[in-house]
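Here is the structure we will look at, set down as structure tokens.
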Amino acid sequence: MSARISENESAKSGSVGTNTRFSFHRALKDILGSFFRLAHRVHNFSHYSFGQDYILEPAYGESGFLMTSQGDDIKPGDLVILSNGSACTQYQVKEIEYYFDSCDIWTALLNPVNS
């Protein structure tokens, strides 16, 4: 009888092990997904001066705007907040290109974020 219990316990632990492994993979996927969603940063330019600290112009042939400024670690997917009079507008960085001769000056293609 004890051998039979061992087989049943072994079978149970095998199925639990499989479920645990499935749960572990799902949890790992959820954690990594959360990490990559949070990896996009928000860059607040609302307190900077247009024309002095950054330039914003229409992107010809594309929807959105081209913004040129300086600062490092801005990546596609990040959000940029700009002052629009008394309100602020959020834009998402679609593409960014850093200048060859300066590592912190860049031009980015921004798309407005629908609120």
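Side chains included, hydrogens not; waters and symmetry mates left out as well; all remaining heavy atoms used. Please read these numbers as outputs of a predicted model, since none were measured by experiment.
Annotation: the span from Gln90 atom CD to Asn84 atom CG amounts to 12.5 Å, rounded to 0.5 Å. Taking CD1 of Ile105 as the reference point, atom CD of Glu97 lies at 13.0 Å (rounded to 0.5 Å). Between the CE atom in Met67 and the OG1 atom in Thr107 there is a gap of 10.0 Å [rounded to 0.5 Å].
Counting only distance, with no hydrogens or angles, the side chain of Asn111 and the backbone of Gln92 share no donor-acceptor pair below 3.5 Å.
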Derivation of the side chain to side chain contact (heavy atoms under 4.5 Å, CB included) call for Leu66 and Tyr60:
CA-CA 9 Å; Leu66 289 175; Tyr60 298 104; 6.0 Å; no
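Minimum heavy-atom separation, Thr68 to Tyr99: CG2-OH, 3.8 Å. The two atoms that bring Asp78 and Asp73 nearest to each other are OD2-O, 3.8 Å, heavy atoms only. Closest heavy-atom contact between Ala108 and Val93: CB-CG1, 4.1 Å. Of all heavy-atom pairs between Ser46 and Cys88, the closest is CB-SG, 3.7 Å. The nearest pair of heavy atoms linking Lys94 to Pro76 is O-CB, 3.7 Å.
Ile74 and Leu110 end up in the same hydrophobic cluster when Ile, Leu, Val, Met, Phe, Trp and Tyr side chains are linked at under 4.5 Å. Linking Ile, Leu, Val, Met, Phe, Trp and Tyr residues whenever their side-chain heavy atoms come within less than 4.5 Å leaves Leu109 and Tyr98 in two separate clusters. In the hydrophobic clustering of ILVMFWY residues, with side-chain heavy atoms under 4.5 Å counting as a link, Trp106 and Leu56 come out together. One hydrophobic cluster holds both Val80 and Ile96 under the rule that ILVMFWY side chains link at heavy-atom gaps under 4.5 Å.
Taking the six-membered ring where tryptophan is involved, the planes of Tyr48 and Phe45 are tilted, since the angle between them lies from 30° to 60°.
Taking 4.5 Å as the limit, every side-chain heavy atom of Thr89 sits out of range of all side-chain heavy atoms of Ile81. Side-chain contact between Phe65 and Leu82 is absent, with no heavy-atom pair separated by less than 4.5 Å.
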